[in-house]
S.K.: 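Provided herewith is a single structure, encoded as structure tokens, for subsequent inquiry.
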Amino acid sequence: MRPPRPRTRILAWIVAALLVIAGLAAGPSAASAAGNPYERGPSPTAASIAADRGPFATAQVTVPRGNGFGGGVIYYPTDTSQGTFGAIAIAPGFNTAWSYYAWQGPRLASFGFVVIGIETNTLNDYADARATQLLAALDYLVNSSPVRDRVDRDRLAVGGHSMGGGGALLAATQRPSLLTAVGQAPYVPNGNLSGIKSPTIIFAGQADGTVTPQYAQNAYNTIPADVERAYVEIANEGHGFPAGGGGGNSGAFARTMMVWLKLFIDKDTRYAPFLCPTLSNANGISKYMASCPLDPPGGGPTASPTASPTATPSSTPTGPPPATSALKGVASGRCLDVNGASQANGAQAQIWDCNGQNNQQWTTTSAGELRVYGNKCLDVNGGSTADGTSVIIWDCNGQNNQKWRLNSDGTITAVGANKCLDVSGAGTANGTKTQIWTCHGGTNQKWTRV
């Protein structure tokens with residue numbers, strides 16, 4: 001058989017090359033779809049999550065009164081090329097119309113969600129009535145609405161402000177299949193969320209005199225330990241921050257809510273490093289607690305805490321800190337140290353000249369621990385929450401008194417006590433003990449990783 005003519009051989013090479021290129025192009029796309037079919041939009045960056053609008057163009061349609069609720073507005077992405085979108089129904093506060101919150105609709109829709117902002121049957125409906133109406137709105141959205149073909153009926157959530165927030169939390173208790181509940185300065189019936197099973201995030205205003213931060217945090221503390229949860233306090237804002245239109249620090253609220261919804265509605269773990277082990281962008285936020293690592297049900301494990309989001313701004317952390325390093329006190333210039341290099345339970349944590357030894361090497365784990373020697377945890381003695389309680393090491397046991405939050409301002413918060421890791425008496429000498437103390441911003445409560 002004669003060899004192919006040169007032109008035939010060239011054509012064969014071209015066809016083979018095109019087939020290889022096509023195979024390479026198809027491979028990653030198929031793998032990505034198999035990994036998570038619910039991802040919508042490009043990979044997030046610090047700039048993209050802080051933006052007022054996401055990558056999707058949006059439209060809206062008015063919903064008339066009826067169908068079990070007082071009507072409202074649906075906001076949705078106009079893109080039809082990416083399949084269906086997850087959805088959230090949001091209820092207004094007591095004696096308040098949806099128009100005060102309408103800014104949330106297009107903002108969330110532009111990040112790839114369908115949003116139905118509801119009017120209530122009467123302005124003074126209580127939380128139980130608002131819960132019923134939120135569920136009715138979701139049923140209408142997936143069964144009868146003009147955009148029902150755009151909504152994934154298996155990826156639904158609820159939210160609301162004040163009395164509407166109480167309604168959202170009740171709705172999630174009544175319908176555990178909901179992927180998350182968002183309480184915006186929520187009124188919590190009986191102050192108890194022990195019956196909730198859906199992942200839950202509670203926002204509070206630092207200056208709120210109606211639903212005070214203490215009230216909201218007390219309710220947060222009743223959420224069962226096996227439920228993914230977060231508490232976010234918006235700095236210097238009162239009760240009306242969800243109606244703030246993005247002004248003041250209401251943009252911090254919107255930013256954090258969107259990231260939470262991406263993780264729990266879309267199961268998009270690309271957003272996990274923005275929430276754990278601490279917020280990547282804490283601008284406008286005075287307090288943050290979360291059950292890190294946050295694992296969306298059915299979404300697989302969240303990203304490693306050593307992975308950093310893309311391109312964080314210089315004014316915020318560049319991502320979670322290195323996995324293992326020393327912790328140097330800003331005031332003293334000395335390192336967090338286990339007294340005498342002891343490995344015994346109860347050994348005191350103190351400050352000492354930095355020396356690189358293993359009793360000064362602390363590992364940040366995905367469970368929020370600070371481990372030393374591999375199997376001992378930094379521990380608030382006896383689980384006490386009182387100022388002056390000593391900080392020791394103990395066998396790691398998963399309790400809240402062994403969980404710590406590394407904050408963007410250099411403080412380290414004891415999660416169980418909600419107080420700061422503090423050098424006793426603002427001392428700077430070798431051997432000065434560490435303790436927990438009410439956070440006050442002093443340099444004896446600030447640490448750097450070295």
Side-chain angles (χ1 to χ4, degrees), residues 36-45 47-64 69 71-92 97-119 134 137-161 164-165 168 178-182 184 201 203 241-247 250-268 270-271 274:
N36 182 5
Y38 307 130
E39 288 182 2
R40 300 291 181 265
S43 294
T45 67
S48 72
I49 69 164
D52 291 343
R53 290 291 182 273
F56 295 98
T58 67
Q60 63 188 66
V61 59
T62 301
V63 178
F69 60 104
V73 183
I74 299 172
Y75 310 83
Y76 59 95
T78 57
D79 191 332
T80 58
S81 67
Q82 298 199 38
T84 55
F85 296 89
I88 182 170
I90 305 176
W98 169 251
S99 59
Y100 288 94
Y101 310 89
W103 69 284
Q104 295 185 32
R107 182 164 180 154
L108 288 174
S110 72
F111 284 97
F113 303 103
V114 176
V115 181
I116 180 167
I118 74 167
E119 303 287 4
L134 281 167
L138 288 177
D139 293 341
Y140 165 79
L141 188 65
V142 300
N143 293 320
S144 309
S145 77
V147 300
R148 59 188 178 276
D149 59 336
R150 297 174 185 265
V151 181
D152 184 340
R153 64 173 52 246
D154 294 322
R155 293 191 294 122
L156 304 177
V158 285
H161 175 225
L178 294 175
L179 296 187
T180 187
V182 180
Q184 306 171 7
I201 186 168
F203 291 90
F241 68 85
S250 63
F253 148 70
R255 174 185 72 237
T256 311
M257 175 172 61
M258 181 277 293
V259 173
W260 178 270
L261 295 181
K262 278 291 187 182
L263 185 56
F264 285 98
I265 293 181
D266 288 355
K267 309 179 190 298
D268 192 341
R270 297 178 300 176
Y271 286 80
F274 294 94

S.K.: I need the full list of salt bridge (charged side-chain N to carboxylate O under 4.0 Å, His left out) pairs touching residues 80-89, with sequence neighbours left out, sorted by first then second residue.
M.R.: none

S.K.: Considering residues at least two apart in sequence or located in another chain, which fulfil the ring-ring contact (aromatic ring centres under 6.0 Å, His included) criterion with Phe85?
M.R.: Phe56

S.K.: Under the side-chain hydrogen bond (donor to acceptor under 3.5 Å, both in side chains) rule, collect the residues that match up with Thr180, sequence neighbours excluded.
M.R.: Trp260

S.K.: Could you tell me which non-hydrogen atom of Ala181 sits nearest to which non-hydrogen atom of Ala168, and how far apart they are?
M.R.: CB-O, 4.2 Å

S.K.: Applying side chain to side chain contact (heavy atoms under 4.5 Å, CB included), name anything that partners Leu156, two or more places apart in sequence or on another chain.
M.R.: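 In terms of side chain to side chain contact (heavy atoms under 4.5 Å, CB included), with neighbours along the sequence ignored, Leu156 is linked to Ala87, Leu138, Val142, Val151, Leu178.
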
S.K.: Just jot down the ring-ring contact (aromatic ring centres under 6.0 Å, His included) partners of Phe241, sequence neighbours excluded, or say none.
M.R.: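 Counting only residues at least two positions away or on another chain, Phe241 forms a ring-ring contact (aromatic ring centres under 6.0 Å, His included) with Phe253.
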
S.K.: Could you walk me through whether Phe111 and Leu261 pass side-chain contact (heavy atoms from CB on, under 4.5 Å), step by step?
M.R.: CA-CA 10 Å; Phe111 284 97; Leu261 295 181; over 6 Å; no

S.K.: Answer yes or no: is there a side-chain heavy-atom contact under 4.5 Å between Thr256 and Phe203?
M.R.: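 When only atoms from C-beta onward are counted, Phe203 and Thr256 do touch, with a gap below 4.5 Å.
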
S.K.: Does some side-chain heavy atom of Leu263 sit less than 4.5 Å from a side-chain heavy atom of Phe274?
M.R.: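 The answer is no; the side chains never approach within 4.5 Å.
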
S.K.: Keeping to residues at least two apart or across chains, list the salt bridge (charged side-chain N to carboxylate O under 4.0 Å, His left out) pairs with something in residues 253-263.
M.R.: Lys262-Asp266

S.K.: Are Arg53 and Pro106 packed together at the side-chain level, in the sense that at least one heavy-atom pair is separated by less than 4.5 angstrom?
M.R.: yes

S.K.: So which pairs with a foot in residues 74-83 pass salt bridge (charged side-chain N to carboxylate O under 4.0 Å, His left out), sequence neighbours left out?
M.R.: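 Listed by first then second residue: nothing to list.
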
S.K.: To the nearest 0.5 Å, what is the distance between CZ (Arg150) and CG (Leu141)?
M.R.: 12.0 Å

S.K.: Between Tyr101 and Ile90, is there a side-chain heavy-atom distance shorter than 4.5 Å?
M.R.: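 Of all side-chain heavy-atom pairs linking Tyr101 with Ile90, none is under 4.5 Å.
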
S.K.: Does any non-hydrogen side-chain atom of Phe69 lie less than 4.5 Å from one of Val63?
M.R.: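 Val63 vs Phe69: side chains touch.
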
S.K.: Is there side-chain contact between Thr84 and Val114, with heavy atoms separated by less than 4.5 Å?
M.R.: no

S.K.: Holding to salt bridge (charged side-chain N to carboxylate O under 4.0 Å, His left out), I want the full list of residues that pass it with Asp52, two or more places apart in sequence or in another chain.
M.R.: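 Asp52: salt bridge (charged side-chain N to carboxylate O under 4.0 Å, His left out) contacts with Arg107.
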
S.K.: Restricting to side chain to side chain contact (heavy atoms under 4.5 Å, CB included), what partner residues turn up for Ala51, sequence neighbours left out?
M.R.: none

S.K.: Listed by chain and number, what are the side chain to side chain contact (heavy atoms under 4.5 Å, CB included) partners of Asp139, not counting sequence neighbours?
M.R.: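 In terms of side chain to side chain contact (heavy atoms under 4.5 Å, CB included), with neighbours along the sequence ignored, Asp139 is linked to Asn143, Arg175.
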
S.K.: Any side-chain to backbone donor/acceptor pair from Gln104 onto Pro242? Under 3.5 Å, distance only.
M.R.: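 Checking the backbone N and O of Pro242 against the side chain of Gln104, a donor-acceptor pair under 3.5 Å is found.
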
S.K.: Sequence neighbours left out, what passes ring-ring contact (aromatic ring centres under 6.0 Å, His included) with Tyr76? Give chain and number order.
M.R.: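 Partners of Tyr76 under the ring-ring contact (aromatic ring centres under 6.0 Å, His included) test: none.
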
S.K.: Run the side chain to side chain contact (heavy atoms under 4.5 Å, CB included) test against Ser48 and tell me which residues pass, sequence neighbours left out.
M.R.: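 With sequence neighbours excluded, Ser48 shows a side chain to side chain contact (heavy atoms under 4.5 Å, CB included) to Pro44, Thr45, given in chain and number order.
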
